[in-house]
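In what follows, a single structure is set out as structure tokens and then discussed.
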Amino acid sequence: MQVRYLDRVDAPEIDYRAELPPHRQIAAWLLRRIESGQLAAGQPVPSEKDLMDLFGVARTTVSRSIAYLRDQAVIKTVPGRGSYVAKRES
């Protein structure tokens, strides 16, 4: 049995009273994994379904977090294939 990436992580609970909205909390969690090297350039980002299950949020919340990171050029989405960590410009 293969151990998936998300089976090995501890995701924080979404704090609905926090100043940061839920989609930004998820984006920040993903960004920390990218900056720490746990998710490297070219590596796939967890699927929307996996993130929904991990955080217990709606698909729109996860979609907004992915869109936010895409707007920041942190990830790249390939239609029909998923989202991947973008290569950093030197």
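- Applying the side chain to side chain contact (heavy atoms under 4.5 Å, CB included) test to Ala58 and every residue at least two apart in sequence or in another chain returns Thr60, Thr61.
- Pairs engaging residues 20-32 under the salt bridge (Lys or Arg N to Asp or Glu O under 4.0 Å) rule: none recorded [sequence neighbours left out].
- Residue Ser47 holds its OG atom at 10.0 Å from CG of Leu54, rounded to the nearest 0.5 Å.
- When atom types are taken as modelled, the side chain of Gln43 and the backbone of Ala40 share a donor-acceptor pair closer than 3.5 angstrom.
- The shortest heavy-atom contact between Ala86 and Ala41 is O-CB, 3.9 Å.
- Within the structure, side chain to side chain donor-acceptor pair (under 3.5 Å) contacts touching residues 11-20 (residues at least two apart or in different chains) do not occur.
- Using a 4.5 Å cut-off on side-chain heavy atoms (C-beta onward), Ile66 and Leu51 make contact.
- If you run side-chain contact (heavy atoms from CB on, under 4.5 Å) between Val74 and each of Leu30, Ile34, Leu39, only Ile34 comes through.
- Of all non-hydrogen atoms in Val62 and Ser65, the two that sit nearest each other are O-OG, 2.6 Å.
- Among residues two or more places apart in sequence or in another chain, the salt bridge (Lys or Arg N to Asp or Glu O under 4.0 Å) test is passed with Arg59 by Glu48.
- Other residues, nucleotides and ligands contribute over 12 non-hydrogen atoms within 6.0 Å of the CZ atom of Arg70.
- Of the possible donor and acceptor atoms, none in the side chain of Arg81 sits under 3.5 Å from a partner among the backbone N and O of Thr77.
- Arg64 CZ to His23 NE2: the interatomic distance, rounded to the nearest 0.5 Å, is 4.5 Å.
- To the nearest 0.5 Å, atom CD1 of residue Ile14 and atom CH2 of residue Trp29 are 10.0 Å apart.
- Every residue was checked against the ring pair (Phe, Tyr, Trp, His ring centres under 6.0 Å) condition with Tyr68, not counting sequence neighbours, and none meets it.
- Hydrophobic cluster membership for Tyr84: Val78 (Ile, Leu, Val, Met, Phe, Trp, Tyr linked by side-chain heavy atoms under 4.5 Å, directly or transitively).
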